[in-house]
Amino acid sequence: LIGCAVVLAFSYSGAATSLDNSLSALRMSVLKRAPSGTVTVVAIDPESIQAAGEWPWPRDRFAIALDNLNDAGAGMIAMDVDFSARSTLEGDAAMAAALERNNGWIALPVFLQRDLRTTNTPIADFAEFAVAASVNVELSKDGIARRYRRSFFYDDTFYPTLGAVLAGAPLNDTRPFSIDYGIDLDQIETISFEDVLNNNFDPDLVANRSILIGATALELGDNLSTPHSAALPGVFVHALGYESILQKRALITPSKIWTICLALALLALGEYFAKRTKLV
């Protein structure tokens with residue numbers, strides 16, 4: 001009975017969750033695996049911002065980059081950039097034209113507010129030719145980005161996440177899963193946005209690949225705390241979500257009740273063998 005009480009107290013105290021998170025992070029640090037080699041990140045990095053001399057950028061910069069990527073044979077492109085407000089008439093027209101030339105092959109971000117009652121969505125001129133994908137990443141109670149989803153359900157609509165839409169995951173699965181941070185981020189190919197804009201990149205890093213465009217510059221503030229990094233750019237969290245789904249490494253944490261049952265079963269088994277040993 002004392003053993004059962006200890007197991008139950010440990011399970012519901014939060015200590016079990018903390019221990020599980022620590023062991024999981026340790027395992028992923030030790031058991032590294034290579035990425036699939038099917039996704040490339042286009043980084044809005046400090047060099048790109050410095051070259052432009054301003055932020056936010058005129059929309060025609062994004063239009064040119066999209067055309068250059070598609071001319072190089074890119075697969076689907078997902079953008080972690082906010083397009084919920086209008087810019088200049090010329091810039092918005094150029095962006096809309098680029099999206100129309102690649103109708104349905106570019107995902108633009110939707111951000112579901114915390115209460116799931118409001119959304120930030122791309123302007124209508126862009127949404128007409130793009131796939132809507134959620135950029136939401138849920139944080140654990142300690143503020144760490146451990147989990148990801150294939151989709152969110154809001155207002156009778158399924159919104160796939162950026163990683164899931166690239167991986168072709170089913171829309172109707174909204175269950176969270178643990179990201180496999182054992183996938184080696186350093187091996188995910190990255191190209192500077194400025195190089196894409198100037199068509200100065202290796203087309204082999206783009207042809208037939210999924211493309212994620214997002215901020216990596218610290219000054220843009222799109223960073224998340226993860227088990228292995230205090231500030232990882234959000235675009236890489238989406239890339240790891242994509243890799244986790246594609247490599248079937250979307251890890252499901254067993255429910256607490258099953259964990260307790262297993263612990264109690266092991267405890268009972270231990271007591272049984274202890275009694276058998278005494279009898280012998």
Side-chain angles (χ1 to χ4, degrees), residues 16-43 45 73-78 80 107 133-140 142-151 160-171 173-192 201-216 222-255 258-259 262:
T17 300
S18 179
L19 178 61
D20 181 61
N21 288 337
S22 297
L23 291 175
S24 178
L26 177 61
R27 176 183 59 80
M28 292 177 186
S29 295
V30 174
L31 301 176
K32 286 289 186 181
R33 62 173 58 235
S36 64
T38 60
V39 66
T40 294
V41 170
V42 173
D45 52 15
M76 193 166 195
I77 300 171
D80 189 6
S134 169
V135 292
N136 290 67
V137 177
E138 296 175 325
L139 303 180
S140 301
D142 56 2
I144 304 297
R146 293 186 176 90
R147 305 194 305 172
Y148 201 74
R149 291 180 186 264
R150 292 174 178 83
S151 67
T161 53
L162 284 190
V165 75
L166 292 178
L171 275 179
D173 188 351
T174 61
R175 294 174 301 165
F177 63 84
S178 295
I179 297 170
D180 187 355
Y181 283 102
I183 297 168
D184 191 354
L185 267 178
D186 293 336
Q187 294 188 49
I188 293 180
E189 301 287 358
T190 303
I191 307 172
S192 171
F201 60 91
D202 183 353
D204 288 341
L205 299 181
V206 171
N208 300 314
R209 289 192 179 206
S210 298
I211 307 295
L212 268 165
I213 301 176
T216 62
D222 185 14
N223 297 288
L224 296 168
S225 294
T226 74
H228 297 153
S229 174
L232 181 68
V235 67
F236 284 112
V237 174
H238 291 298
L240 287 176
Y242 164 87
E243 289 285 351
S244 297
I245 295 170
L246 196 71
Q247 296 194 42
K248 302 189 186 306
R249 297 292 300 170
L251 309 174
I252 304 297
T253 303
S255 67
W258 284 108
T259 303
L262 178 60

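Residue numbers count from 1 along this sequence.
Put simply, the side chain of Ile191 reaches to within 4.5 Å of the side chain of Val206, judged on heavy atoms.
Under the 3.5 Å distance criterion, the side-chain polar atoms of Thr161 are matched with a main-chain donor or acceptor of Arg149. Using a distance-only test at 3.5 Å, with no hydrogens or angles considered, no donor-acceptor pair links the side chain of Ser210 to the main chain of Met76. Side chain of Gln247 to backbone of Ala34: a donor-acceptor contact under 3.5 angstrom is found. Under a 3.5 Å cut-off, the side chain of Thr216 and the backbone N or O of Pro233 do not form any donor-acceptor pair. Side chain of Ser134 to main chain of Asn136: a donor-acceptor pair is present (N/O by atom type, distance under 3.5 Å, no hydrogens or angles).
Here the shortest heavy-atom pairing between Leu240 and Asp180 reads CD2-O, 4.3 Å. Taking all atoms of both residues into account, the shortest heavy-atom contact from Tyr181 to Ala145 is OH-O, 2.5 Å. Taking every heavy atom of both residues into account, Leu162 and Leu212 meet most closely at CD1-CD2, 4.1 Å. The minimum heavy-atom distance between Gly241 and Ile179, with the atom names listed, is N-CG2, 4.4 Å. Residue Glu243 comes nearest to Pro35 through the heavy atom pair OE2-CB, 3.6 Å, listed as atom of the first residue, atom of the second, then distance. The shortest heavy-atom contact between Val235 and Ala215 is CG1-O, 4.0 Å.
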Intermediate values then yes/no, side chain to side chain contact (heavy atoms under 4.5 Å, CB included), Phe177 and Arg150: CA-CA 9 Å; Phe177 63 84; Arg150 292 174 178 83; 3.8 Å; yes
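The CG atom of Leu139 sits 6.0 Å away from atom CG of Leu224, with the distance rounded to the nearest 0.5 Å. Interatomic distance, Arg33 CZ to Arg249 CZ, rounded to the nearest 0.5 Å: 4.0 Å. If you take CD1 on Ile144 and CG on Leu232, they are separated by 11.0 Å, rounding to the nearest 0.5 Å. Here the CZ atom belonging to Arg146 is positioned 13.5 Å from the CD atom belonging to Glu138, to the nearest 0.5 angstrom. Residue Asp222 holds its CG atom at 5.0 Å from CG of Asp80, rounded to the nearest 0.5 Å.
Shown are Thr174, Asp173, Val165; of these, the side chain to side chain contact (heavy atoms under 4.5 Å, CB included) with Ser151 is made only by Thr174. Here the rule is side chain to side chain contact (heavy atoms under 4.5 Å, CB included) with Ile211, and of Val39, Val42, Val41, Leu166 only Val42 fits it.
Between the side chains of Tyr242 and Thr38, at least one donor-acceptor pair of N or O atoms lies under 3.5 Å.
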